[in-house]
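Only a predicted model underlies this, so the values are computations on that prediction, with no experimental measurement involved. The figures here come from the full heavy-atom set of this structure, side chains too, leaving out hydrogens, waters and symmetry mates.
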There are 2 protein chains.
Amino acid sequence: MASTQRSSSPGRSPRNRASGTSTRVPESSWDPADEITVDHSSPVPLYYQVASQIEAAIDSGDLPVGARLGNEIDLAGSLGLSRPTVRQAIGSLVDKGLVVRRRGAGTQVVFNRVKRSLELSSLFDDLAAVDQQPTTRVLVNEVRSATDEMAHRLGVAEGTELLFLERVRSARGEPIARMRNYLPVTLVQPSSAVLEERGLYQLLRSEGVRLHAAHQSIGARVAEQADSELLEEPVGAALLTMDRLTYDQAGTVVEYGSHVYRASRYSFDLSLRGES
Amino acid sequence: MASTQRSSSPGRSPRNRASGTSTRVPESSWDPADEITVDHSSPVPLYYQVASQIEAAIDSGDLPVGARLGNEIDLAGSLGLSRPTVRQAIGSLVDKGLVVRRRGAGTQVVFNRVKRSLELSSLFDDLAAVDQQPTTRVLVNEVRSATDEMAHRLGVAEGTELLFLERVRSARGEPIARMRNYLPVTLVQPSSAVLEERGLYQLLRSEGVRLHAAHQSIGARVAEQADSELLEEPVGAALLTMDRLTYDQAGTVVEYGSHVYRASRYSFDLSLRGES
DNA sequence: GTCAATACTTTGTCCGGACATTATTACTTA
DNA sequence: TAAGTAATAATGTCCGGACAAAGTATTGAC
């Protein structure tokens, strides 16, 4: 996830690890049967009901870091579900990096809040989420025919009509980024007024476009005269650049974005999980 | 995943999507029974055998973008496995973003190579993987007691002894990055000679440390005098900065790194998958 | 010929059980 | 007391089956 202002304290997580000598964890016996309820008549999958309730317990602190979830078989029994269902629920939490399973040892909570691994979210949503009052100024909103390079990038025929957007995004009145986007005209054709109120991804989603994956490239360069004027940053200041190609579920390119951020006001924060 | 030199062509994927009008895909009937073999006596899990062989077929092009995998039931039958096993195999490919499942429609290949979503890999491995001949110059390799700030970051007591490393990483003889690392002395204490031959993560892995997650923050700044000398970049040039906190499976901090990259020679390339 | 209802295909979810593998714990023995 | 060994606990893998839900293709009516 991306956040405004340089993250000043990345690691403030309180550690209470039991290692070496037998420093026992309080083990405040969190009884799942008291906390989790499943509704068989609900259309939402049972494993999902279980997973989200455990996740909520982790968020609320009822399940602190290091706490053990009961074993899968007992859990299944006390919830009136089968083990595969409970296992699927826990599995989804493992995928999110919230808990760790070790055979023979059980399942433990590792983070009480992993910043969800750099979600496919837009700058607008990110800023709105932390109450940074995002605003947008639309500089260009027009249809252009694809140049050779753009056609290549988006995987369309040369000369195809593309919507070209150029916007400046601000937070609390201060400019944060200059954003350029190219997307097929067939998807959306928003008015500038709409673009000033909502983020592009929000718009695409409301049109039923399902964002599925993206390739990003993050780099840096120094501000030139044009950047300087738009971003209120002196010439020669450090800028972050981000190029992003976004795909829908069918693997078709939905959007190409080329953005520039003020490094003094912005950094990319992301979490990632490893191997096993 | 991070790569040297600015990614010049992020999207060159040939599209052959069947949409709107019925542009049918060749459908070159890839018979799984001919291509996939499972060894029941092998210790490697059956679902994993299946998954990796399908993945190999995608990489090799036998399963091009858009190709449909046979339905799960037939697949299971022809492989002599149960449906849950085959489903688990395909599920792992879905998690990797290689294929997409749609009920009623089947399972299709979406990317023939997703750069695996920014793995927990070190710069050394990344460079070695693309034959960039990484070399390391060790500037500092000593034990220091943790300052207030560092103790806080690593989640250890103030004054704890930490190994401090400062290195310059080059590729093909040209400097790429200046790296600073802090890690508990209990983990490793490599000689400078060893550090010049191998990456830090490689070293940790060989010591049995299982990297599990990391929080990163990517930013930018301009080169100062000291940077200039180490990286052979003029003062005022754009630099990428990356701070990373790495955790092991128990949630304990394994390493804190503060690195600086030459933006002219390096960018962070990463893929991410969204929501559903 | 176009559109709507129907049948079919395929994945999504869920159950119950079985054995293997690995960590931990308790016990026995030197 | 200490170390090795056995018992126990918990997840990992795998099987077989069942029904639901969503998308696709076919058929029928107008």
Side-chain angles (χ1 to χ4, degrees), chain A residues 18-25 27 32 38-52 67-95 99-109 208 210 249-250 276, chain B residues 18-25 27 32 38-52 67-95 99-109 208 210 249-250 276:
Chain A
S19 74
T21 56
S22 56
T23 326
R24 186 132 310 293
V25 173
E27 193 72 32
V38 291
D39 177 6
H40 283 264
S41 68
S42 164
V44 35
L46 298 178
Y47 80 91
Y48 193 87
Q49 293 184 32
V50 175
S52 45
R68 275 211 290 275
L69 260 52
N71 76 69
E72 294 169 351
I73 296 173
D74 291 351
L75 216 55
S78 67
L79 293 175
L81 299 172
S82 72
R83 189 185 159 209
T85 303
V86 171
R87 198 172 158 69
Q88 189 176 6
I90 296 177
S92 71
L93 298 178
V94 171
D95 284 341
V99 302
V100 171
R101 284 199 273 223
R102 279 182 305 151
R103 81 172 81 175
T107 306
Q108 282 183 301
V109 178
R210 311 266 289 171
Q249 289 199 317
S276 74
Chain B
S19 75
T21 54
S22 57
T23 327
R24 186 132 308 292
V25 174
E27 193 74 31
V38 291
D39 178 6
H40 283 264
S41 68
S42 163
V44 34
L46 298 178
Y47 81 90
Y48 194 86
Q49 293 184 31
V50 174
S52 46
R68 275 210 290 274
L69 259 52
N71 77 66
E72 296 169 351
I73 296 173
D74 291 352
L75 215 56
S78 66
L79 293 175
L81 299 172
S82 72
R83 189 187 158 208
T85 303
V86 171
R87 195 171 161 71
Q88 190 176 4
I90 297 177
S92 71
L93 298 178
V94 172
D95 284 340
V99 302
V100 171
R101 285 200 272 224
R102 279 182 303 152
R103 82 174 78 177
T107 306
Q108 282 184 302
V109 178
R210 310 267 291 171
Q249 290 199 318
S276 76

* Residues that Asn71(B) engages under side-chain contact (heavy atoms from CB on, under 4.5 Å), provided they are two or more places apart -> Ile73(B), Asp74(B)

* Listed partners of Ser82(A) passing side chain to side chain donor-acceptor pair (under 3.5 Å), at least two apart -> Thr85(A)

Please write out each protein N/O paired with an N/O of nucleotides 3-7 of chain D under 3.5 Å, distance rounded to 0.1 Å.
none

* Taking all non-hydrogen atoms of both residues into account, name the closest pair between Val99(A) and Val109(A) and its distance. => CG1-CA, 4.1 Å

* Where protein sits on nucleotides 4-14 of chain C, one letter per nucleotide: B base, S sugar-phosphate only, - none, heavy atoms under 4.0 Å -> -----BBBBBS

* Set of side chain to side chain donor-acceptor pair (under 3.5 Å) partners for Glu72(B), sequence neighbours left out -> Arg83(B), Arg87(B), Arg101(B)

* To do: Quick one: closest heavy-atom pair of Ala51(A) and Ser92(A), and the distance?
  => CB-OG, 3.4 Å

* Structure fact -> Residues at least two apart in sequence or cross-chain that pass side chain to side chain donor-acceptor pair (under 3.5 Å) with Arg103(B), listed by chain then number, are none

* Check the distance between dA9(D)'s C1' and Leu75(A)'s CG and give it to me in whole angstrom. => 15 Å

* Structure fact -> Shortest non-hydrogen pair, Ala76(B) vs Val86(B), comes out as CA-CG2, 3.6 Å

* To do: Could you tell me the separation between the CG atom of Leu46(B) and the CG atom of Leu79(B), rounded to the nearest 0.5 Å?
  => 10.0 Å

* Asked: Which angle, rounded to 10°, do you find between the first-five-pair axis and the last-five-pair axis of the helix from dG1(C)-dC30(D) to dA30(C)-dT1(D)?
  -> 10°

* Asked: What residue pairs, at least two apart or across chains, pass side chain to side chain donor-acceptor pair (under 3.5 Å) with a residue in residues 40-52 of chain B?
  -> Asp39(B)-Ser41(B)

* Asked: So how far is it from Leu69(B) CG to Leu93(B) CG, rounded to the nearest 0.5 Å?
  -> 7.5 Å

